[in-house]
Amino acid sequence: MTRPVRVRFAPSPTGNLHIGGARTAIYNWAFARRHGGSFVLRIEDTDPERSTTENTAQIVRSLRWLGLDWDEGPEIGGNYGPYLQSQRFATYNEALERLKRNGSVYPCFCTPDELNAKREAAQAANLSNTGYDRSCRDLPADEVAKRISDGESHTWRLKVPLDHGPVTFDDLVFGTTSFPIEQMDDFIILRSDGSPTYNFVVCIDDVSMDISHVIRGDDHLSNTPKQILVYEALGAPAPHFAHLSMILGPDGKRLSKRHGATSVEAYQQQGFLPEALLNYLALLGWSLDGETTVFSSDTLKENFGFDRISRNPAVFDETKLTWMNSAYIKAMGASFFVDAWLPYLQEVGFTRNGDTLLDASGALLSGTPATVEEVDADVITNRCWYEAIYPLVAERAKKLDEVNAMTAFLFSGDKVFYDEKSVEKCLRKPGIDKVLTRCLDELANEDMLWQHAELEEALRSLPEQLDLKPKVVFQAVRVAVCGNMVSPPLFESLELLGRKRTIARIKAARNLLL
RNA sequence: GUCCCCAUCGUCUAGCGGUUAGGACACCGCCCUUUCAAGGCGGAGAUCACGGGUUCGAAUCCCGUUGGGGAUGCCA
């Protein structure tokens, strides 16, 4: 009989969702979906000092943003709740009482200071085992009863069975792993303040939530034998374990804040698409076939398995993530693009008929940014125009946050922010005023359709007529209209800008030269 | 110190006894081109950490060494 697949992602809300946590969540999710099982979200908030509800909400938001869904969790409930560890203390107490009755735990009256002293002494003496010396393990029962009734501060420790033999388990990623019992410490499962510790509660929860597979970070590999001992004391079957190797920073050290952005939220803000992050993270330690790098979450769900998970730690390569993101932008299509771009438009207050002139750093020079509602309304009524921008930026933008700068010239009315270097190089040259004049002549025809093909048709012969290189002519027009020698394709840009503004800008640029 | 884990191009990886060691990112050329990109084509880049075995044959199996990571908390 194989029991139904039930997996969980159990972050502790002491910060927002970390890249490493996100990958763990993705693998849990993919495994559950692959096997038609359940994916449970459990919040490990037993440390009231560092846990906040805001962090919990942020983690939930990030997971959702990534496109993950779960079957049970704090905000959606389920048959195995509550899903906040802080609300499960009754379960932990009950389990502890059970362990007290069957003699697998004992009270320890050693103070933290004593323990520290012993530990330091053991380390100084180069002892092979620097764990607890078990001095409280065999205290006479009457003494124990008296000290407890006297109210003496004490913890509860797991009584490791000394004749147990090595603790062995088959890790789905690392294979058979074994720990000598002599190394196992009689670790604390209940603190002197009455709160249970991680290695205890995690077992209780996984048992009572009927978790079949524990998929988590490699940093828990050495905790696993401890937990197996707890399962055994409880008389409960241990789940299967799958440990995932760590994600490292570029320096080969464990990924942390000092490596820069490490939260999912930070990548979201930078303009990464959830599909791209998910794809990249999925590939960081797992491979579909060794060849395919871009694949959908459906493909992941259908193919994920532990047999193709790598055991070595992986360096997080933001360059490759960025490339992946650009691939997703190229493939997403105009409609999804506009939806994804919207928040960035709202941030600067761009609208089709706006006049927000920004300088090179993105600071407002003149004009009035639109409100969020106005941007919203504008995108709804001019959806086609916004979607027409997509092909211009799709091949250029690697991240969404770059799109505003790329298209700012479309939102500044008749004015243009001129990049000084571009003006010097492409505009302030002898004869350019004539180029612009001729250009205006060609565009003066009111009957001409203002579309890129017609515009190109109208201007294509200009270089030959003026006996100039195409580059000289078109770069001049580009700077006149866009303010910069680097811009999206010229004729498409003119089309989007419109007849009136294009002509106004070229005239303004010519006047600048005269 | 002790225990556990890991080791293929700069990076992510494929490989699971016989391959010219494959792919992707990044990098370098060339082509395309009115800018920037994108795209196409090509290139360089890995004595498979090192040393011993086993085998007709080892990146693949075994042992050791070195290096890295993790654990060793009244954190999770």
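Values in this document were obtained by computation on a predicted structure and should not be read as measured data. A note on names: the letters A, B, ... follow the listed sequences, proteins ahead of strands, and every chain is numbered from 1.
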message: Tell me whether the count of non-hydrogen atoms from other residues, nucleotides or ligands lying under 6.0 Å of NE2 in A:His240 goes above 12.
response: no
Can you check the distance between [N] and [M], where both ends of the measurement are the [atom1] atom (answer in whole Å)?
| N | M | atom1 | result |
| --- | --- | --- | --- |
| B:rG45 | B:rU20 | C1' | 16 Å |
| B:rG15 | B:rA58 | C1' | 13 Å |
| B:rA71 | B:rA59 | P | 35 Å |
| B:rG68 | B:rA24 | P | 33 Å |
| B:rC27 | B:rG73 | P | 46 Å |
| B:rG39 | B:rU33 | C1' | 11 Å |
| B:rC62 | B:rC28 | C1' | 43 Å |
| B:rC4 | B:rC63 | P | 13 Å |

field: Of residues 430-443 of chain A, the positions that come close to RNA chain B - non-hydrogen atoms, cut-off under 4.0 Å
entry: none
message: From CZ of A:Arg311 over to C1' of B:rG15, roughly how many Å is that when rounded to an integer?
response: 12 Å
message: Using a heavy-atom cut-off of 4.0 Å across all strands, would you classify A:Glu44 as base, sugar-phosphate, or nothing?
response: sugar-phosphate
query: So which of A:Ile309, A:Leu244, A:Leu172 actually passes side chain to side chain contact (heavy atoms under 4.5 Å, CB included) with A:Ile215?
result: A:Leu244
Short heteroatom pairs, N/O only, protein and nucleotides 39-47 of chain B, under 3.5 Å:
none

message: Assess, by modelled atom type and distance only, whether the side chains of A:Thr322 and A:Asn325 contain a donor and an acceptor separated by less than 3.5 Å.
response: no
query: Could A:Arg147 and A:Phe109 be counted as a cation-pi pair, given that NZ or CZ must be under 6.0 Å from the ring centre and within 45° of the axis?
result: yes
Given B:rC4, B:rA71, B:rC12, the nucleotide with the shortest approach to the side chain of A:Arg254: B:rA71
message: I'd like to check the ring pair (Phe, Tyr, Trp, His ring centres under 6.0 Å) partners of A:Phe316; sequence neighbours left out, ordered by chain and number.
response: A:Tyr267, A:Tyr280
field: Partner nucleotide, any strand, of B:rG1 [Watson-Crick/G-U, under 3.5 Å]
entry: B:rU72
